[in-house]
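Report on the following structure.
Values below: all heavy atoms of this structure, side chains included; hydrogens, waters and symmetry mates excluded.
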Amino acid sequence: MTKAEKTLVIEELAGKFADSKYFYVTDCSELNVETINKLRRTCFEQDIQLKVVKNTLIKKALEKAATTNEENYEDLYGVLKGASALMFTETGNAPAKLIKKFREDNEKPVLKAAFVESEVYVGDDQLDALVSIKSKEELIGDIILLLESPIKNLVGSLQSGGNTISGLLKALEERGE
C-alpha cells in the first residue's frame, strides 16, 4: 500500500468515525473464506458495514477523528492488536446481536471493543450488555406502550361510567313514573 493510499484510507475512516455514533472493533481472524463471506452477507443484510483495516491505520484515523468531533477514543487504542475488523452501524445494538447470533455456529467474531453513544465498551464480556442496549425505535415503542395503557384504562372507565350513569338515570326515571 502506498503512502497516498494509506492517507486516503485514514481520511475515509476518520470521516466515518467522526460521523458514526456506533462502531465495533472485532477479531474475525482465522475464519475461513466461506464463513467470512457469510458474515459479510449477514452484515450487509442488516445494514452493518464491515471493514477489515490495519490497526495502525485505525489508530491514526481515530486520532484524526478525535480532533474533529472532540470524542475520546483513547480506550480503544489498547485493543488494536492482532487482526481487527470494524463494524459501522446506525443502531447501537445491531452488531452485538449479529455477533451473538453468528457465534452460535462459529467461535468468532470476538468483540474487542465498541463505541456506543460516546461510551467505550472493552472486551468480549461486554457483549451481553451491548445486546441489551435498546435502539431508538425500541425505546419509542416502549414509551408508546407505557402511554397506551393508562389511556386504555381511562377510556374503559369512561365507557363503563357512562353505562352506570345511564342505568342509574333509567332506574330513577322508572321510579318516578
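Y77 and V53 fall within a single hydrophobic cluster, where Ile, Leu, Val, Met, Phe, Trp and Tyr are joined by side-chain heavy atoms under 4.5 Å apart, directly or via other members. Connection of M87 to V110 is not established within any shared hydrophobic cluster, with ILVMFWY side chains joined at heavy-atom distances below 4.5 Å, either directly or through further cluster members.
To the nearest 0.5 Å, atoms CD1 (I36) and NZ (K108) are separated by 10.5 Å. For the atom pair CG of L39 and CG of L50, the computed distance is 5.5 Å after rounding to the nearest 0.5 Å. In this structure, NZ in K6 is found 6.5 Å from OG1 in T56, a value given to the nearest 0.5 Å. Distance check, rounded to the nearest 0.5 Å: OG of S132 to NZ of K97 gives 9.5 Å. Atom CG of residue L76 and atom CZ of residue F23 lie 5.0 Å apart, to the nearest 0.5 angstrom. Atom CG of N72 is separated from atom CD of E119 by 10.5 Å, given to the nearest 0.5 angstrom.
Annotation: side chain of D47 is not in contact with side chain of E90 (no heavy-atom distance under 4.5 Å). When side chains are defined from C-beta on, V9 does not count as touching K54, because their heavy atoms never get closer than 4.5 Å. At least one side-chain heavy atom of L86 sits under 4.5 Å from a side-chain heavy atom of L13. Counting heavy atoms from C-beta on, the side chains of L62 and F115 never come closer than 4.5 Å. Looking only at side-chain heavy atoms (C-beta outward), Q46 and K101 stay at 4.5 Å or farther from each other. Between V131 and I99, every side-chain heavy-atom pair lies at or beyond the 4.5 Å cut-off. V52 places a side-chain heavy atom less than 4.5 Å from the side chain of R40.
Pairing each heavy atom of D75 with each of V122, the nearest pair is O-CG2, 4.0 Å. The two residues E71 and S118 come nearest to each other via the heavy atoms OE2-OG, 2.9 Å. Minimum interatomic distance between Y73 and A65 (heavy atoms only, all atoms of both residues): CE1-CB, 4.0 Å. Nearest heavy atoms, T89 versus A94: OG1-CB, 4.0 Å. In this structure, L80 and V25 approach most closely via the heavy-atom pair CD2-CG1, 4.2 Å. The two residues F17 and A61 make their nearest non-hydrogen contact at CE1-CB, 3.8 Å.
With N32 contributing its side chain and T35 its backbone, the two residues share a donor-acceptor pair below 3.5 Å. At least one donor-acceptor pair under 3.5 Å links the side chain of E5 to the backbone N or O of T2. No donor-acceptor distance shorter than 3.5 angstrom exists from the side chain of Y24 to the backbone of V116, with no hydrogens or angles considered. Between the K112 side chain and the A83 main chain, a donor and an acceptor come within less than 3.5 Å of each other. A donor-acceptor pair under 3.5 Å links the side-chain atoms of T26 to the main chain of A85, judged by distance alone.
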Apply salt bridge (charged side-chain N to carboxylate O under 4.0 Å, His left out) to the pair E63 and K60, showing each step before the final yes or no.
CA-CA 5 Å; E63 290 169 348; K60 287 179 182 179; over 6 Å; no
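Between the side chains of K16 and Q49, at least one donor N or O lies within less than 3.5 Å of an accepting N or O.
Within a 6.0 Å sphere centred on CD of E117, heavy atoms belonging to other residues, nucleotides or ligands number more than 12.
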